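This structure is a prediction, so every number in the text was calculated from the model and none was measured. Whatever order the structure lists them in is the order used to number ligands and atoms, beginning at 1. Sequential numbering from 1 along the given sequence is applied to the chain's residues.
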Amino acid sequence: MNKFLSLTLLWSAALATQTFAQRKTIEQRVDSVMKLMTLTEKIGQLNQYSGREVTGPASDRKNYLLNDIKNGMVGSMLNVKGVKDTREIQAIALQSRLKIPLLFSLDVIHGYKTVFPIPLAESASWDLSIIRRSAEVAAEESAASGIHWTFAPMVDIARDPRWGRVMEGAGEDTYLGSQIAKARVLGFQGEKLGALDRIMACAKHFAAYGASMAGRDYNPVDLSKQQLHEIYLPPFKAAADAGVATFMNSFNTLNGIPATGNAYLQRDILKGKWNYKGFVVSDWGSIGEMIPWGFAKNLSEASEKAIVAGSDMDMESEAYKKELEKLVKSGKVEEKYIDEAVKRILYKKFELGLFDNPYRFSDEKREQKVMSDPKYKAVALAAAQKSIVLLKNNNNTLPLNKSIKNLALIGPLVNAKRDQAGNWTVYIDTANMVSVHEGVKQKIKGAKLTYAQGTTVKDTLTNGFAEAVNAARNADAVVMVLGETWDFSGEAKSRSDISLPGKQEELFKAVKATGKPVIVVLMAGRPLVFNAIAAQADAVIYAWFLGDQGGNAIADVLFGDYNPSGKLPISFPKNVGQIPIFYSHYNTGRPVTKAGDIRYKSAYIDVSNDPQYAFGHGLSYTTFSYSNLKLSSNAINQKENVKVSFTLTNTGKVEGEEVAQLYIQDTFASVVRPVKELKDFTKVKLKPGESKEISFELSPEKLAFYHEEKGWITEAGEFKVMVGTASNDIKLKSSFELK
Ligand code: GLC
């Protein structure tokens with residue numbers, strides 16, 4: 001063997017042992033700490049308290065918590081933020097016998113100090129790079145403020161907009177949700193844990209919380225294994241494959257068993273089949289909640305069921321702290337369950353470097369530097385722009401001309417700032433936020449702007465209508481900003497009626513009656529029902545809650561400085577009675593094949609089956625053509641890919657971004673298949689007249705479906721291929737045979 005080759009072999013062997021030794025080091029270091037720990041101290045690591053009582057206003061729990069921390073009875077704190085407070089609390093933890101550092105965690109859901117669009121809004125961008133960058137910025141700011149761990153991304157597939165938490169996720173689709181889960185995990189964590197500007201992420205809520213019955217929060221979930229595996233679990237698997245450091249379980253039951261005590265989810269699937277090595281934190285108090293669920297008689301039984309089922313850390317129910325030692329000493333619970341949970345938690349503390357330097361994330365100078373860095377504003381603006389969805393634009397009402405002389409701004413959310421932050425925000429610094437009013441004023445300095453609130457979101461006043469109608473009459477055009485306030489969505493914010501709150505749609509009709517062009521900007525944390533606006537407005541922009549830069553982003557779209565490119569990540573129903581409504585529905589044995597022909601068909605007698613706006617819908621100020629569809633083969637075996645390629649052309653007059661979507665339909669199978677399923681997408685920017693060859697790969701894995709008995713399988717047969725600009729706007733079709 002020549003000298004060079006032997007040296008290379010030696011070097012790579014040394015590297016391998018070094019990496020192996022390095023990995024072994026963490027495992028060894030964990031074992032060495034475990035050997036020193038008493039049972040009490042091990043249980044302490046499984047206990048997580050909220051910090052509001054410790055760093056917020058004094059409360060009766062303050063000393064109690066500090067005492068537990070000092071005695072090594074706390075493994076993690078949530079809701080402690082900032083270098084000062086995290087250093088102070090960490091110093092108390094280091095007074096304990098073994099000086100095991102705390103993990104500091106927080107709900108950094110869509111930004112820390114810089115507030116980004118709510119996750120559902122960002123998902124409407126279909127832009128994985130901006131979604132990842134937004135999570136990176138959140139990590140950079142929170143890591144500089146002493147935070148080690150965020151309880152995000154929320155990856156619950158949700159098809160019921162009555163559920164307030166739909167705002168936290170990526171919408172209705174498994175493929176889009178899985179891609180976004182991966183982007184967010186990598187944004188928060190980076191490629192490897194331990195960097196000073198990255199934090200641990202947490203895939204939540206495991207599992208199927210988005211299917212809560214009737215869209216009511218904390219309600220039961222009943223799902224077939226087939227639907228659970230095919231629709232709700234893949235985003236969690238994508239997060240696990242991306243290396244997500246932790247999971248959080250959920251408040252719901254799954255087929256009668258609370259997720260927190262559900263061994264099928266946490267042991268069989270997560271830690272078993274998926275061989276997951278991170279740790280699981282319970283959701284807030286969910287261990288104790290197994291008592292009111294009627295699944296545990298008392299806290300002792302709840303603790304036993306939770307630890308045996310794989311819930312490693314107990315958030316805020318104090319069950320483990322109060323009950324586990326007794327359960328182990330009585331022989332009811334084997335100590336191995338405690339040891340397994342402690343090892344998983346200590347492993348992460350070592351990976352973050354906290355044993356080497358417990359204060360490495362708590363550096364005052366770094367905090368000041370990062371928190372005052374203006375560079376993040378540009379990222380927030382880009383994310384906000386890309387998240388806006390242009391739902392309607394009759395006769396090219398938009399973009400408005402910047403030379404407009406007189407513009408009326410009407411509605412209760414024209415001056416909204418706090419509302420634009422949405423729910424689940426860490427910092428509310430309205431000085432940092434830009435309202436629509438401010439954004440428009442900044443954009444068209446020469447115009448006369450007339451503002452009229454018209455009505456409010458939370459009451460039914462109409463005494464402001466006259467002023468609003470008058471403002472409209474004297475204007476060249478009207479921009480109305482309507483919708484929900486920030487607190488209509490989020491946790492425990494389910495709505496049985498998802499129409500515009502209050503008298504907002506009546507205000508719209510009064511203003512529209514003036515005959516002026518009316519553009520409606522809607523802010524909300526969920527799809528709303530607004531049929532009159534959808535029918536009569538000249539243009540409709542869905543602005544969700546866009547964060548700090550919302551007003552600037554909306555003004556950019558209104559006046560054409562940004563060509564809207566967002567696409568809906570969730571279907572918009574015509575009325576709440578259609579829910580659950582989603583594009584990847586099933587054909588049924590009696591499909592409606594001709595509009596209006598519903599005799600003995602699967603249909604309603606009072607509304608069509610179609611949504612108001614479909615999954616994937618979103619308009620642009622330019623137009624795109626799809627042509628030249630080619631498949632690499634019209635017949636493949638179960639190990640081959642099919643390459644789908646086509647030409648996309650910007651056929652309009654302005655540059656724009658298009659989200660081209662690839663759908664398939666498995667036409668016949670041993671389990672009925674949806675009429676279409678998203679299997680790939682790409683977001684492409686094209687200049688006027690520019691064309692681009694686009695190709696997608698359809699792997700056998702993308703053709704698979706979940707079978708109750710056989711698991712994930714593919715079956716021979718015909719597959720339809722559809723390429724389009726929305727789930728209900730397919731431009732190119734073909735098919736191939738899977739042999
Ligand atoms: C909550 C939420 C969860 C959040 C946790 C900590 O109740 O369900 O998403 O991360 O408490 O705030």
Would you check whether Glu168 has a nitrogen or oxygen atom less than 3.5 angstrom from a nitrogen or oxygen atom of ligand 1?
no
Q.
Parallel, tilted or perpendicular, judged at 30° and 60°: which one describes the rings of Phe104 and His148?
A. tilted
- Task: Using distance alone, determine whether Arg165 and ligand 1 share an N or O pair under 3.5 Å.
- Result: yes
Counting from 1 in the order shown, the ligand 1 atoms closer than 4.0 Å to a non-hydrogen atom of Met248 are 3 (C), 10 (O)
Mind running salt bridge (charged side-chain N to carboxylate O under 4.0 Å, His left out) on Lys458 and Asp487 for me, showing each step along the way? CA-CA 11 Å; Lys458 293 185 172 171; Asp487 52 352; 2.5 Å; yes
The closest protein heavy-atom partner of atom 6 (C) of ligand 1 is Asp107 OD2, 3.2 Å
If you measure from each heavy atom of His205 to ligand 1, is any distance below 4.0 Å? yes
Centroid-centroid distance, Trp126 to Phe615, less than 6.0 Å: yes
Could Arg216 and Trp163 be counted as a cation-pi pair, given that NZ or CZ must be under 6.0 Å from the ring centre and within 45° of the axis? no
protein heavy-atom neighbour closest to atom 5 (C) of ligand 1 works out as Asp283 OD1, 3.5 Å
Within 4.0 Å of some non-hydrogen atom of Lys204, the atoms of ligand 1 are 3 (C), 4 (C), 9 (O), 10 (O)
*Report yes if some heavy atom in the side chain of Val244 is under 4.5 Å from a heavy atom in the side chain of Phe188; otherwise report no.*
no
For Phe251, the ligand 1 atoms with a heavy-atom partner under 4.0 Å come out as 7 (O), 8 (O)
Output field: ring centroids Trp149/Phe279 closer than 6.0 Å: yes
Within 4.0 Å of some non-hydrogen atom of Trp284, the atoms of ligand 1 are 7 (O), 11 (O)
Checklist entry - Would Tyr49 and Asn79 satisfy side chain to side chain donor-acceptor pair (under 3.5 Å), going step by step from the backbone distance to the final call? => result CA-CA 9 Å; Tyr49 284 141; Asn79 297 331; over 6 Å; no
